[in-house]
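Everything numeric here is computed off the predicted structure, so don't read it as measured data.
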Amino acid sequence: MHGPGYFYEPTVLTNVPPGSPAYAEEIFGPVASVFRIRDIGEAIELANDSVYGLGASVWTNDPEEQQVFASELEVGMVFFNAMVLSDPRLPFGGVKRSGFGRELGDLGIREFMNAKTIWVA
């Protein structure tokens, strides 16, 4: 990019081979990886083929497809027809190497408390 400063050109990656860093690692920056898939099953398999699992953005208006993605994706959050975002009213967090537990929302505040059980018989 022209001009002063340090910039990384927006990039679209295609034909990314399994095992390559762009396939297996989180990419931060203006980079999008595009994969051609045959069906929902292959899309879920590809998405789950990662050691990370923070959030997923799925674009479909079909309620049956939404149910399949919501139940099968190995992530802490699934957003339909929207980008993954943080909202203080909702628990935020991932699975696998993307974190343990939640922050924000009712579940998040409970992460910071020590519950005590008291039983009197």
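The salt bridge (charged side-chain N to carboxylate O under 4.0 Å, His left out) pairs that include a residue from residues 15-30 number zero, where partners must be two or more places apart or lie in different chains. Listed by first then second residue, pairs satisfying side-chain hydrogen bond (donor to acceptor under 3.5 Å, both in side chains) with a partner in residues 74-87 read Asn61-Asn81, Glu74-Lys96, Asp87-Arg89, not counting sequence neighbours.
Scanning for side-chain contact (heavy atoms from CB on, under 4.5 Å) contacts around Glu42 gives Ile37, Arg38, Asp39, with sequence neighbours left out.
Taking all atoms of both residues into account, the shortest heavy-atom contact from Ala22 to Ser33 is O-OG, 4.1 Å. Shortest non-hydrogen contact noted between Ser57 and Ala82 is OG-O, 2.7 Å. Residue Ala47 comes nearest to Leu73 through the heavy atom pair CB-CD2, 3.6 Å, listed as atom of the first residue, atom of the second, then distance. The heavy-atom pair separating Gly53 from Ser98 by the smallest distance is N-OG, 2.9 Å.
Looking at heavy atoms from C-beta onward, Phe79 lies out of side-chain contact with Val58 at the 4.5 angstrom threshold. A 4.5 Å side-chain heavy-atom check between Val78 and Val84 finds every atom pair outside the cut-off. Taking 4.5 Å as the limit, every side-chain heavy atom of Val95 sits out of range of all side-chain heavy atoms of Tyr52. Contact of the Leu54 side chain with the Val75 side chain is not registered, since no non-hydrogen atoms from C-beta on lie closer than 4.5 Å. With contacts defined as side-chain heavy-atom distances shorter than 4.5 Å, the pair Tyr23/Leu46 qualifies. Between Phe92 and Leu85 there is no side-chain heavy-atom pair separated by less than 4.5 Å. Inter-residue side-chain proximity for Asn15 and Val34 is flagged as unmet; no heavy-atom pair is nearer than 4.5 Å.
A donor-acceptor pair under 3.5 Å is formed between the side chain of Ser71 and the backbone N or O of Gln67. Although no hydrogens or angles enter the test, the distance criterion places a donor-acceptor pair under 3.5 Å between the side chain of Thr11 and the main chain of Glu9.
Hydrophobic clustering, with ILVMFWY side chains joined whenever heavy atoms are under 4.5 angstrom apart, keeps Ile27 apart from Val51. Trp59 and Met77 fall into different hydrophobic clusters, defined by Ile, Leu, Val, Met, Phe, Trp and Tyr side-chain heavy atoms under 4.5 Å apart, directly or through other members.
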>> Checking Thr14 against Phe35 for the side-chain contact (heavy atoms from CB on, under 4.5 Å) test, could you report, in this order, the C-alpha distance in whole Å, the side-chain angles of both residues, the deciding distance, and whether it holds?
In response: CA-CA 7 Å; Thr14 60; Phe35 298 89; over 6 Å; no
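Here the CD-CZ distance, from Glu65 to Phe80, works out to 9.5 Å after rounding to the nearest 0.5 Å. Within the model, atoms CZ of Phe69 and CD1 of Ile40 stand 5.0 Å from one another, a figure rounded to the nearest 0.5 Å.
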